[in-house]
Amino acid sequence: MGTIATTSTQILHHTTSFTSEILSQSDIRRQIFSTLRCKLLPSDQITLKPLKLAAETLENAISTSNAAIQSSSLRVAEKLLVSYPETTFSSFLLSLIYALSNQPINSSISLLQVFYLDPSVARSELAPTLFEDLFLVHFLPVLQRFNEQRSTILSSLSQNANHDTDDYSISDVSVVVPWSKLLSKMSGDQALELKELERNYEEVLDENCRVFAKYFKEILANNDENRSVNPPDLVFKQSEKSEEVDYREEDDDNVKAKELGLKNGRYNPIWAEGERSVEFSRSSSKSKSPPFYPQRVSVNVLKRQNSRTLTTSPTSISDSEMESLSEDNSPNSCSSESDADIEENDKESALLEHGSSPTRKQKQPVFADSSRSPHYLMADNGNPPGTGKHTPPKDFVCPITSHLFDDPVTLETGQTYERRAIQEWLDRGNSTCPITRQSLHSTQLPKTNYVLKRLIASWQEKNPGATPPHLSQNQQVVETDHHERMVKPEVPPSTSPNSVISQANMDRTINKLRQAITSLCMSEILKESERAVLQIETFWQNMNIEPDILTMLSKPAVINGFVEILFNSVDLQVLKATFFLLCELGSRDETVIHTLTRVDSDVQRIVALFKEGMEEAIVLIYLLRPSINGLVEMDVVESLISVIKGRADDLFKMCLKPKTASILLLRQILQSNEENVVASIISTIVSSKVIERIVGSLEAEWAVERLAAVGILRRCIQQDGKCRNTIADKAQLAPVLENFMATRDEERFEIVYFLSELVKLNRRTFNEQILNIIRDEGSFSTMHALLVYLQTTLQDQSPIVAGLLLQLDLLVEPRKMSIYREEAIDTLISCLRNSEFPAAQIAAAETIVSLQGRFTTSGKPLARPFLLKRAGLDKNYRKLMRMEQLHNNPGDFEDISEEEKAADAWERKTAFVLVSHEFGLVFEALAEGLKSKSAELCSTCFVAATWLVYMLGVIPDTGIRGAARVCLLKHFISTFKSSKDIEDRTLSLLALKSFIHDPEGLRDLSSYMKHILKGLRELRKSSSLALEIMKLLSEGQDSSAELWNHKELAQVDSAENGEVLSIVSFKDKFFSGHSDGTIKVWASRDSILHLVQEIREHTKAITSLYVLQSGERLYSGSLDKTTRVWSIGNEQIHCVQVHDMKDQVHNLVVANSISCFIPQGAGVKVHAWNGQSKVLNQNKYIKCLALDRGRLYCGCHDNSIQELDLASGTLSTIQSGSRKLLSKAHPIHALQVHNGLVYSASTALDGVAVKIWSTTNYNMMGSLPTTSEVRSMVISSELVYLGCKGGIVEVWDLKKQTRIEILQTGTNGKVLCMSLDPNEEVLVTGTSEGRIQVKKKKAPLLQTSNIH
């Protein structure tokens, strides 16, 4: 027998109305979420965290007004849900997500799936209204059949009840008989029959719900178009095949349903509500069946119940009826228990409630005293915040104490109680659940239900005007600057009659208190006032403080009396008691704070006592809520640090621990805008080693203290990064992560910022340990929480959040798809490209650079120095590493190889995911950042781009090198050509190397080859990478040095000034010293040597010229026994200082503070610029000198070479000379030191004129086998130039030690001096005939085969 067909329009109408109502009511939505979480099966617990995250993401989407954020949040939540097994909770969440996404059909199908998966919960607790409107109309035949069966059983029971004259009289007036009394009149078979009927009815309803849910989904999928969907047959028996019944729906179906006495299809003949009863009369056996379960259902039902809850007058119920109500007020009583057991358990429960809240019992009507009554619905359930009704939801109230939960625990039966109350219940010997009466397998209480606790905290925030029901007169609330409430737990009064103080004793105590207050305020004797303070403190500690007593103590006169004690007493115990009382009063009554802050001197006295060591005063200072500027002016930082360092004194249990108050105030001070003040405070914190105590506050019980500690530690890391290792080593991060879900957005970012700074340690393995802790600690998924937070965080903050999320995702090998990674990298790229938020652009670029994974001890990224090291420019890196070793213990670097391996692996992994995202989209974003007008952004993007392009040659080929080349090649070429910063040019060269290895990249570079070769020549002296690339480009040549030949640019004749004895170069100028005392300044332009300036201030020959590059100073040594210092920074040079050397200067080398020169006689003179001098190596006649790193090398007339350590005066011999009395001496004419080798030049008596020695062991390392007599020498990064007799210059390959070329000067004289320009391109020579010649190296054209 079929039912009337339902259309998709009808289904969509009902389901859409339901979801719209749920989306508009946040309180109902949260209650439903809580219910569904509790209904999860043990096998579904693995999905609990994702379900919580999806619910929070949905809430964010509902609350946001930004369409883009809402769409993104819904998409994230949907992906999260569909990736886990299907549950009732997930289907319900999907229905709401689809409803918000304007997908009504999908929303309806997901909602119907809830009825299919768990029909019992769906129709009774989740959506009873929808069940009535959509399902119940089809189930009337089922309801009618079971009602008939129930009536048959109850009619026989009614007859038995009417014949029982012991309890009820027989009359025409109906008698109200409670079900619990009726139960005692049943036989065992009747009770079993009713229970079996109820069980069958529930199973049949569930099965019909599933059948019709499937039917409705088919209608929606078909959408009334393709094919007709026949209504299903009703199921009447669960264990057998469905019985088919023909019926038609009449117009009076709704009337029939009402006559059946059924609500929401729920039928329960015996186990009905405690407050309801069944009527029997002599003339009729019909009964009215009430609903059996608490109506915590849809929005409309809640609103209807709110209006009718507790409206029945207590006086309308007889004493016997009230007795029965108290006996049977549990909705889920177990039928196996006897009436006597039920009554006994109810008495115990009532006693526990009485003991928990004695005053509340007296003030409430008897009818409403049981919070366990199924019809006891809190009045706030249907009222959103702000409507004036602030009664908490029933789920937030303990059924034993009737107070708001403070420490809720959920038993194995599913019931939640206040820990203190249920513990007292168990301590009395009970081993059952007070509500369900089920036996407990264990009396050990579980952990706190933090989910419920956070929901209560959230409700309290939304109802700031509400007075929490659980705050009794013995409790106090401290308002904090974080707008949170700190409740000090009360001491529960004893429930034993023996412990109750009689009213007479109370009156006497109150009179004594009044006398003490009078003494405090009126007595002029200090001792009496002090005694009064101690009496009041004793009273406070031992008694329950009533509101009238609090009012009495909070009066201004009393507070001023306490202040007078602070000004006059010197008794430490009295002062401590005074501060204790002021803190207790101030935390409970705001007028106390107003009284204390009215007079500035009072506050000043409190601060003075705190500075003198009274720790308790800091709690009162905190309660006074001083401003940040006021705190700074108080100058209490040292005292705050002292309190934090010290150990707590438990003499007084104050409303706030002194250490906690100090942490909170210190955090406020560090929020000051005066950076110098903040820097000084942080320096004090770090130097005093108090930072470990602050780290301990991360585990504090109070969340506000944990957040304050996070803020302080984050500022310490920011100011002095070296403390990062200490914090990371000591910090327990689990409590901080728990805070993340329960705080406001600005506090969430503080936590994220702190964590992201914490993982910038100088040891990669330690970083990854911290990241694993962040990922795995806490009761929720950190990655899911960060993903949800990323959707709503501010633009300037999102790069920090994205960076931390990406690092957590990278702890495992990169997978093909990761929603965390995709969202994080998308965020970084979008921030980098958003020019409307420059701060976000810089933060995104810095985050990408920091992902390289190497940091200094202070947490600064090592990306730039490390890239320069890879390019052969490792000076800065070596300097940083030396500093690192100075600041670290030697043991920190024992496993440096393991650290490098871990750092390399992390770098490859990070670079791979960044460049692989969206086929190299990050390169486009970096190219846009390089075009910015912000120098900071350009510089950071340049380092990031260089790193990622370089890594393209390290990681597996991802096919995106072409994308990087298109985006960045021109910028790297431009920087390499025009930048004046040698480091930037070197980094550009490092990036270009990656393109050179690619044939297509090399082809693109061919048009820029001229500029690249020029840059390579300029950089080859400072960077080994330049030489490497030159060799790469000259593939097929024997040597990179063979790439060059020399072309004469210019030649001038200065014979009128005599011999050219010395030549040096500086920038684009040349300086020549002549035998007549003249100094000439030259500039080479357009292949012509131009004389810029000619000076003749020396009176005799200038034997030496020496340039100090750092100070832009030229030193000239002369035979006129003077050394002159010249300023050469400008176009014209001028003498700035003259030093009297007391001896002829034959050869001069200069360090910063001293000079060394060869005098007229034996030895070498060391002359300080302050006039002092001494002679060293007096046994030798010196011919030439070379100075390198504090060591002076001497070439002697007897062909010996010696090394002098100028610091210690130690003399070492490199080559021994020969003393020849008759034959001609063969002196060392020239010395040069290059890359740890000493090159010495002399005559070729043994066939070798130039020998090469090691500066470390003095062994001979090689030679240049020239037969010419060498008089001068200069060395470049590739070549050795030898100036010889006969006017020739030999050019030798430095590496192969082979001669490449011979240059002619056009004279037969000796080449006495030579010099190279800084770029090693121009060679200038000076001869004994006064001729100066300029030659330039010329690069040959590279073969096409080498380019392509």
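The first residue of the sequence shown is numbered 1, and numbering continues consecutively from there.
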Does any donor atom in the side chain of R715 or Q719 lie under 3.5 Å from an acceptor atom in the other side chain?
-> no
Mark yes or no for whether S798, through its side chain, and Q795, through its backbone, hold a donor-acceptor pair below 3.5 Å.
-> yes
Please determine if E924 and K931 form a salt bridge, counting it only when a charged side-chain N lies under 4.0 Å from a carboxylate O.
-> no
Is it true that K1067 and E1112 have a side-chain N and a carboxylate O under 4.0 angstrom from each other?
-> yes
Basic-acidic side-chain contact under 4.0 Å: R821, D826 | no
R75/E823 salt bridge by N-O under 4.0 Å criterion = yes
Using a 4.5 Å cut-off on heavy atoms from C-beta on, say whether the side chain of F754 contacts that of L733.
-> yes
Closest approach of E1320 to S1277 (non-hydrogen atoms, all atoms of both residues) = OE1-OG, 2.8 Å
So, does S850 use its side chain to make a donor-acceptor pair with the main chain of T847 at under 3.5 Å?
-> yes
Is there a donor-acceptor contact under 3.5 Å from the side chain of K1069 to the main chain of E1131?
-> yes
Charged N to carboxylate O below 4.0 Å: is that the case for R864 and D984?
-> yes
Any donor-acceptor N/O pair, D720 side chain to C716 backbone, under 3.5 Å | no
Sub-4.5 Å side-chain heavy-atom contact between T940 and I848 = no
Could you give the distance from CH2 (W906) to CD (E768), rounded to the nearest 0.5 Å?
-> 6.0 Å
Using the test salt bridge (Lys or Arg N to Asp or Glu O under 4.0 Å), find all partners of K760 that sit at least two apart in sequence or belong to another chain.
-> E757
State, yes or no, whether a side-chain contact exists between T827 and L805 at a heavy-atom distance under 4.5 Å.
-> no
So do S1315 and V1322 actually touch side chain to side chain, heavy atoms under 4.5 Å?
-> no
Output the distance between atom CG (D904) and atom CD (E899), rounded to the nearest 0.5 Å.
-> 11.0 Å
Heavy-atom check, side chain of M783 versus side chain of R775, under 4.5 Å = yes
Hey, is the main chain of L937 close enough, under 3.5 Å, to the side chain of Q841 for a donor-acceptor pair?
-> no
Aromatic F866 / basic K869 pairing, under 6.0 angstrom, 45° off normal | yes
Please work out whether the ring planes of F972 and F995 are parallel, tilted or perpendicular, with thresholds of 30° and 60°.
-> tilted
Rounded to the nearest 0.5 Å, how far does CG of L867 lie from CE of M951?
-> 9.5 Å
With the side chain counted from C-beta on, respond yes when I800 and F749 share a heavy-atom pair under 4.5 Å apart, and no when they do not.
-> yes
Hey, which of L761, V759, T857, L713 is the one that makes side chain to side chain contact (heavy atoms under 4.5 Å, CB included) with R724?
-> L761
May I ask you to test the V1274-V1280 pair for a side-chain heavy-atom distance under 4.5 Å?
-> no
Among L771, N767, I770, side chain to side chain contact (heavy atoms under 4.5 Å, CB included) partner for Q807 | L771
Donor-acceptor pair, side chain of R764 and main chain of G853, under 3.5 angstrom = yes
Could you tell me whether the side chain of T856 and the main chain of K860 form a donor-acceptor pair under 3.5 Å?
-> yes
Should the heavy atoms of other residues, nucleotides or ligands under 6.0 Å from CD of E836 be counted, would the total exceed 12?
-> no
Checking T64 side chain against N60 main chain: does a donor-acceptor pair fall under 3.5 Å?
-> no
Look at the side chain of T793 and the backbone N and O of Y789, then say whether any donor-acceptor pair between them is shorter than 3.5 Å.
-> no
Test L948 against every option in V915, T910, L851 by the side chain to side chain contact (heavy atoms under 4.5 Å, CB included) rule and name the one that passes.
-> V915
With side chains defined as the heavy atoms from C-beta onward, is the minimum distance between Q852 and P861 less than 4.5 Å?
-> no
